[in-house]
Amino acid sequence: MKVWIKMLAPVLAAAAPIAHARVHDDIFAVGNFETIADIPANKNAAARFLTQATFGPTAADIARLMSVGYSEWIDEQLGMPATLGEPSVEHTATLRGTTLGTGQTTRIDRWFWQATYAPDQLRQRMAFALSQIFVVSDQSTAISGDVIPMTAYQDLLARDAFGIYRDLLTDVTYNPTMSKFLSTFHNQKSNCSGTVPNIVCTTLPDENYAREVMQLFSIGLIELDTDGTPMGGVVTPTYDQSVITHTAKVFTGFTYSDAPTGIPTGTANFGGGGLTTAATYAPMACWGTEIFGISNGNMRHDITGDDNTAGTNKTVLDGNTLLPNQSCAKDVSDELDIINEHPNVAPFISKQLIQRFVTSNPSPAYVARVATVFENIGNHGDLGDVIKAILTDPEAVTPPPLVTGDMYGKLREPILRLTAMWRAFGAVAAAADQY
């Protein structure tokens, strides 16, 4: 981070009072709640919009937005390819070799470079927002050393930023970085013996991902109406512990995509793999018959049902069932379909995205309008459509009247304040750090 501090030093004294004034007087100025025009009313309105949609407005971006209007500017951004970090970080690691090494600072510096200079600003902001929902952390010992894979995970979020939510959910589920962070990597089937009703299990699958894929990544803890409020005004849980236990069996058997197939029965560290850099961030494979031709006795995916026998269904979310003896790929696909089709997904994800781009306390009507776009039958879960609906909603472009008091708006994360200042003043990174 030292390079960024050096870069920042010449403008700090002048920038602080200016940035403070813009935040409180211009960018977040309160107007009337009304139907918006597509062209910003003035440069302040343009800067305010770009504060929501980018890592900070620049004079060039303001001019472009004033020229083409909100819709065309968003469409231009939706059409831009993703600026990726993994090739750069891997190249840096190769140049530095084993003597100097490559740590998480290399990944973070590249991330700041993209946030400050990448042309696909809306995509990068969306990837940042998604990273606050589909969270991984280098503070976890499971992935703290995985610099290139963690960079590739952020790239995954950038590539999927404007795609279909169901595809994003699949990509996150099969990603090794997420899998190692939430314990599905090398998660194994139950170890049970006996017959019903006297089955004894000495081990059961890890439940971490089964819980978080529902609680954090899709439906949340309580049933919701389309506007994001508790369904019917009553707090009703979306699932219970038995659903988590049964769902945990779905996410078992994952290993690296380049795993060898000749591991003897009983080997604890099944699959091996990760021998190539790409395999450490490529979609995982499942250690079972459908991928490796492994005999059932050496499979690591749990094919048992509710009673821990192979002939019964898994009862998962909303009483849906997965058929007995299914492959890993089929179990995962069916489970993600069930989650994706839950009516909570649209309001739950829509509200979180509104909170990260526009306001911490969106009105139920705002959430409902965006969730309706999310639920579009012909294009369900299109995140490009969703972010356009969020940014062009009247509550985003023209804030509600002052009667809302301090309930409207959001406190910008320190990272966004920092990048906004760099972009506004045209800060230039040292050439050696433009990987």
From CA spacing to verdict: side chain to side chain donor-acceptor pair (under 3.5 Å), S190, D302: CA-CA 7 Å; S190 309; D302 200 322; 2.8 Å; yes

Residue pair L78, R123: steps toward the side-chain contact (heavy atoms from CB on, under 4.5 Å) verdict: CA-CA 7 Å; L78 294 180; R123 183 182 292 274; over 6 Å; no

side-chain contact (heavy atoms from CB on, under 4.5 Å) assessment of L336 paired with T173: CA-CA 9 Å; L336 296 185; T173 299; 3.9 Å; yes

Full working for side-chain contact (heavy atoms from CB on, under 4.5 Å) between N208 and F251: CA-CA 10 Å; N208 208 359; F251 303 110; over 6 Å; no

Y153 and Y281: CA distance, side-chain angles, deciding distance, ring pair (Phe, Tyr, Trp, His ring centres under 6.0 Å) verdict: CA-CA 7 Å; Y153 179 74; Y281 56 80; over 10 Å; no

Audit row: F254, W287, ring pair (Phe, Tyr, Trp, His ring centres under 6.0 Å) steps and yes/no: CA-CA 6 Å; F254 291 127; W287 187 254; over 10 Å; no

F217 vs L182, side-chain contact (heavy atoms from CB on, under 4.5 Å): CA-CA, chis, key distance, verdict: CA-CA 12 Å; F217 303 165; L182 288 183; 3.9 Å; yes

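What you find for P364 and T229 is that their closest heavy atoms are CG-CG2, 4.1 Å. For the pair G273 and Y256, the tightest heavy-atom approach, listed with the atom from each and the gap, is C-CD1, 3.4 Å. Here the closest heavy-atom approach between residue L391 and residue A53 is recorded as CD1-CB, 3.8 Å. Scanning all heavy atoms of the two residues, the minimum distance from A93 to I148 falls at CB-CD1, 4.2 Å. Considering every non-hydrogen atom in both P40 and A45, the closest pair reads CB-CB, 4.2 Å. The minimum heavy-atom distance between R125 and T51, with the atom names listed, is NH2-O, 4.4 Å.
Applying the side chain to side chain contact (heavy atoms under 4.5 Å, CB included) test between Y209 and each of V250, T252, T247, V172 identifies V172 as the sole match. In summary, of the residues considered (D306, N308, N187), a side-chain hydrogen bond (donor to acceptor under 3.5 Å, both in side chains) with K249 occurs for N308 alone.
With hydrogens and angles disregarded, a donor-acceptor distance shorter than 3.5 Å links the side chain of D393 to the backbone of E395. Side-chain N or O atoms of D146 include none that pairs as donor or acceptor with a backbone N or O of P149 at under 3.5 Å. Listed for the Q77 side chain is a donor-acceptor partner under 3.5 Å among the backbone atoms of L122. The backbone N or O of A329 lies less than 3.5 Å from no partner atom in the side chain of S333, so there is not a single donor-acceptor pair. Side-chain atoms of T419 come within 3.5 Å of backbone atoms of I415 as a donor-acceptor pair (strictly under, hydrogens ignored). Looking at R356, its side chain does come within 3.5 Å of a backbone N or O of Q352 through a donor-acceptor pair. Using a distance-only test at 3.5 Å, with no hydrogens or angles considered, no donor-acceptor pair links the side chain of D382 to the main chain of I164. Between the R107 side chain and the V147 main chain, no donor and acceptor come within less than 3.5 Å of each other. The backbone N or O of S242 lies less than 3.5 Å from a partner atom in the side chain of H246, making a donor-acceptor pair. Between the side chain of Y117 and the backbone N or O of A429 there is at least one donor-acceptor pair closer than 3.5 Å.
Annotation: cation-pi geometry not satisfied between R423 and F55 (NZ/CZ under 6.0 angstrom from ring centroid, within 45° of ring axis).
Taking the side chain as every heavy atom from C-beta outward, S257 and M284 never approach each other to under 4.5 Å. In this structure, the side chains of L130 and D160 stay at 4.5 Å or more apart for every pair of heavy atoms. At least one side-chain heavy atom of L416 sits under 4.5 Å from a side-chain heavy atom of E413. Residues S327 and H301 have side chains not in contact (no heavy-atom distance under 4.5 Å, counting atoms from C-beta outward). Counting heavy atoms from C-beta outward, Y408 and N361 have side chains that stay 4.5 Å or more apart. Residues M150 and V136 are in side-chain contact: their nearest non-hydrogen atoms beyond the backbone lie under 4.5 Å apart. Two residues are said to be in side-chain contact when any heavy atoms from C-beta on lie closer than 4.5 Å; D385 and F162 fail this criterion. You'll find the side chain of V135 stays beyond 4.5 Å of the side chain of E212, heavy atoms only.
Between D171 and R159 there is no salt bridge, since no side-chain N of the basic residue sits under 4.0 Å from a carboxylate O of the acidic one. Salt bridge annotation for E76-R64: present, with a cationic side-chain nitrogen under 4.0 angstrom from a carboxylate oxygen. K351 and D227 are not joined by a salt bridge, as no carboxylate oxygen comes within less than 4.0 angstrom of a charged side-chain nitrogen.
Side-chain contact, H186 with T255: a donor N or O sits under 3.5 Å from an acceptor N or O. Residues D61 and T58 have side chains that bring a donor and an acceptor to within less than 3.5 angstrom of each other. Q241 and T245 share a side-chain donor-acceptor pair at under 3.5 Å.
Rounding to the nearest 0.5 angstrom, the gap separating the CG atom in L84 from the CD atom in Q154 is 10.5 Å. Here the CD atom belonging to Q121 is positioned 9.0 Å from the OG1 atom belonging to T83, to the nearest 0.5 angstrom. Interatomic distance, OG1 of T170 versus CG of N175, reported as 12.0 Å (0.5 Å rounding). Going from atom NZ of K43 over to atom CE of M66 covers 7.5 Å, rounded to the nearest 0.5 Å. Between atom CD of residue Q188 and atom CG of residue L204 there is a gap of 12.5 Å, rounded to the nearest 0.5 Å. Rounding to the nearest 0.5 Å places CG of N320 at 8.0 Å from CD of E341.
Relative orientation of the F128 and W111 rings is tilted, given thresholds of 30° and 60° on the angle between their planes.
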